[in-house]
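First the structure, in the form of structure tokens, and then the observations on it.
Just so you know, residue 1 is the first one in the sequence shown, and it goes up from there. One-based numbering, in listed order, for ligands and for the atoms of each.
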Amino acid sequence: MLYSELFAAHLEQLSPGELSTAVEVLIEKAFAISRTQFWIRKNQPVRDAAGLRRFRGYFARLQAQEPLAYILKEKEFFGEPFIVSPAVLIPRPETELLVEKALVLLGKKPARVLDIGAGSGCISIVVALKSGASVTALEASGPALRVLKKNITRFGLQEKVIPLRGDIFPTKSGLFDLIAANPPYLSEKEWRGLPPGIRRYEPRSALVAGRAGTEMLEKIIAGAAGHLRPGAHLLLEIGHGQLRVARAFLKRSGLQEMELVRDY
Ligand code: GLN
């Protein structure tokens, strides 16, 4: 069998909704070859038996709806490769919008940033790479914290990103110039309606806030004022249909709404 035949045969079996590039990417990973090598080899026979076994294993996982990022153990965010495992949420493109906003607000001056529920660390790390800020990356889950630390090391940011085990606010941490969070904001009911690939593989605690879905937003907004310097900013990702209640939380907390951005 030629590489091109292996490729074509699996492209045909791909479940609808899966990107056709997934087959190519899994062949590259299984045979440890680059994109260029893949194209060069297309008309050569597959001789690497171990590579073929790996490929079949990966492909079976994809067919079982495991997200490609978990199979590859990597996900690109803001053009940077992050280590991921099922202990952390897979970084989403919408969250890049939140990071862009943070970078505009921060500029290049030294600043202190808090990232609540850092997960893989995608927000913390891009902020640390592209601004003058140092970041406290707070994460409640032990296994997620281990992935976060691996990413901090991968990007050589041990001096600028401090991983911390904790739920919403760190104790005795002083005031911040910016707080960013992509908190869990789904209700239990919404979670049951998610595609199986997300529901079965991604961490529930990173997605579900509670019965209503707004529980974490409420806690973050209520506590944020006490951790922000005057004139500082809170950047939050919220769910579809949560604007009214988020505004009510803001009003109660005395924070002022500056801007609302609709994502994809
Ligand atoms: N901050 C991480 C992200 O945006 C994790 C968020 C989460 O686990 N809810 O991807």
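Of all the atoms in ligand 1, the ones that sit under 4.0 Å from a non-hydrogen atom of Thr95 are 4 (O). Under a 4.0 Å criterion applied to the non-hydrogen atoms of Cys122, ligand 1 contributes the atoms 3 (C), 4 (O), 10 (O). Per-residue contacts place Ile123 under 4.0 angstrom from the following atoms of ligand 1 (heavy atoms of the residue considered): 1 (N), 4 (O).
Exactly one residue among Tyr58, Phe59, Tyr201 makes a side chain to side chain contact (heavy atoms under 4.5 Å, CB included) with Ile71. That residue is Tyr58. Ile125 pairs in a side chain to side chain contact (heavy atoms under 4.5 Å, CB included) with only one of the listed residues (Ile152, Val135, Asp115, Val99), which is Ile152.
Among the atoms of Ala206, some N or O lies under 3.5 angstrom from an N or O of ligand 1. At least one N or O atom of Ala118, backbone or side chain, sits closer than 3.5 Å to an N or O atom of ligand 1. Where the criterion is an N or O separation shorter than 3.5 Å, residue side chain and backbone included, Asn182 meets it with respect to ligand 1.
The closest side-chain heavy-atom distance from Glu100 to Phe78 is below 4.5 Å.
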Evaluate side-chain hydrogen bond (donor to acceptor under 3.5 Å, both in side chains) for Glu18 paired with Ser15, printing each intermediate quantity in order. CA-CA 6 Å; Glu18 202 62 68; Ser15 358; 4.9 Å; no

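Around the NZ atom of Lys251, the shell of radius 6.0 Å holds no more than 12 heavy atoms that belong to other residues, nucleotides or ligands.
Under a 4.0 Å heavy-atom criterion, Gly117 is in contact with ligand 1.
Not one N or O on the side chain of Asn182 forms a donor-acceptor pair closer than 3.5 Å with the backbone of Glu237.
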